[in-house]
2 protein chains.
Amino acid sequence: MSDRENMRDRIKQATAEVFGERGYDGARMQEIADRAGANKTMIYYYFASKEALFTAIFSENFAALFQLFNSILQVEAVDPKVVIPQLVHLHLDFLSRNPELPRMIIREIQSGNPVVEKLVQSSFSRFGSQLQTLREEMAVAIREKRLREVDPLQTVWNIVALNIFIFIVRPILSAAFPDEFADAGRMLAEREKAIVDLMLYGLVPRQEA
Amino acid sequence: MSDRENMRDRIKQATAEVFGERGYDGARMQEIADRAGANKTMIYYYFASKEALFTAIFSENFAALFQLFNSILQVEAVDPKVVIPQLVHLHLDFLSRNPELPRMIIREIQSGNPVVEKLVQSSFSRFGSQLQTLREEMAVAIREKRLREVDPLQTVWNIVALNIFIFIVRPILSAAFPDEFADAGRMLAEREKAIVDLMLYGLVPRQEA
DNA sequence: GTCTATAACCGGATAGAC
DNA sequence: GTCTATCCGGTTATAGAC
């Protein structure tokens, strides 16, 4: 029973891996079965089809990501020096536990799968109201000189862009800079530091001529 | 003759589009033919196979991108206030002319295609020496207080991350924020401004308490 | 160079035994 | 719940006429 007891979960795990690596179209049911240590037919015992399997795994992961985003955006006092390090850390931590998720989302987002469309729609409609709150908080922070005069939406995009980058291009980067990627934990820590530093202070020195 | 004269080029253009949208595995030779206004057989008249077609288009685009990177990195004086706006503008301009390229690269980079592997290897080995030069230039700039004490490699990653972001997640963003994406030119200009502003100054105000 | 028809193959899905 | 054997549709690729 040790391994065999939760075949369904092992299939889900294998599915996430293979879809993340190969994309929906490139994924083979046979490979998913192999990695789960199962017979191909077993997948069809638990899931109706490849499409249904994908939808289940994608929905689950996408929901988890947006749950994180929503909890992250519940910020009371917008002082960048306090908030930014927290935000970056939470997001990177989540991503390092789901490293294949960004590539999967990016790959499959324009697949035409109606479930995916609906998921994006509903996630972002909730996200919209959160964003409005953030706008107001940031406007206050700007007036009180705790924050430079920046656009809230662009700022959110910037954080996300910087955070997801290494996960999205990991295959390129680890081939191009093997030294930096030899120790994944160390690399992630350095990346986190660099992102926070950029977000807070930019490149131009404080004391100018 | 008007349209028909350079069928080969139209096939290449259609290929880039379809591979960008659907990925290698999702792309259908029939759809490429349709978009090129050609018969499917014509593709095989000009290219040996789907694989060969992909390799040709990928190599070409990837080479163009790295040519840009190399020309961009030939920077004499590293004063961020001068260099950053130029870098960001050149990169975004290139990307807006090849909007499908980042997604295509990210999708296909771990495909196992040996041509892709070799391309990445050779591109980055040349990039490596450029990076060494950049390190030295930046070290000087830091000593002379024109630049904050930042890591050169991380800084390059940051610029690339911020620049490619909207192209990579465009399908999500245009669905989630239709207003912002209604006018593509205006959106790109605002994005450029936001990236340069962040890179230079970060979020923390200059004059502190 | 361009087309129609078709071969060859592959991968998702199912039937049915145990 | 798990397995073997097989079907069927779709996709790349080619043969061969014009």
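We name chains A, B, ... by the order of the sequence lines, and we start the count at 1 in each one. Because the structure is predicted, anything quoted here is derived from the model rather than measured.
- With the nearest nucleotide of DNA chain C identified for both A:Ala27 and A:Thr41, A:Ala27 has the one nearer the 5' end.
- OP1 or OP2 of C:dA13 sits under 4.0 Å from a side-chain N or O of A:Tyr44.
- Going from atom CG of A:Leu53 over to atom C1' of C:dA13 covers 13 Å, rounded to whole Å.
- In this structure, B:Ile43 places its CD1 atom 13 Å from P of D:dT14, rounding to the nearest Å.
- The interatomic distance linking B:Asp34 (CG) with D:dT11 (C1') rounds to 14 Å, in whole Å.
- For the pair A:Tyr24 and C:dG12, the criterion of a side-chain N or O lying under 4.0 Å from OP1 or OP2 is not met.
- Note: CZ (A:Arg22) to P (C:dG12) measures 12 Å, nearest angstrom.
- A sub-4.0 Å separation between OP1 or OP2 of D:dT2 and a side-chain N or O of A:Tyr46 is present.
- Ring to ring, A:Phe124 and B:Phe177 are close: their centroids are under 6.0 angstrom apart.
- Computed from coordinates, the A:Lys50 NZ to C:dT14 C1' distance equals 17 Å when rounded to whole Å.
- Looking at heavy-atom distances under 4.0 Å, B:Met42 makes contact with a base.
- No contact: A:Phe47 has no heavy atom under 4.0 Å from any strand.
- No option in A:Glu51, A:Glu108, A:Lys118 other than A:Glu51 meets the side-chain hydrogen bond (donor to acceptor under 3.5 Å, both in side chains) test with A:Asn113.
- Taking atom CZ of residue A:Arg10 and atom C1' of nucleotide D:dG1, one finds them 13 Å apart after rounding to whole Å.
- D:dA13 atom P lies 14 Å from atom CD of B:Gln30, rounded to whole Å.
- Side-chain atoms of A:Glu117 and A:Gln121 include no donor-acceptor pair closer than 3.5 Å.
- Remark: the A:Asp34 side chain and the A:Gln30 side chain contain an N/O donor-acceptor pair separated by less than 3.5 Å.
- Nearest-nucleotide mapping onto DNA chain C: of B:Lys40 and A:Arg28, the residue sitting toward the 5' end is B:Lys40.
- Side-chain contact between A:Leu101 and A:Phe94 is present, with at least one heavy-atom pair separated by less than 4.5 Å.
- Checked against C:dG12, C:dT2, D:dG1, the side chain of A:Met29 finds its nearest nucleotide in C:dG12.
- Taking atom CD1 of residue B:Ile32 and atom P of nucleotide D:dT11, one finds them 13 Å apart after rounding to whole Å.
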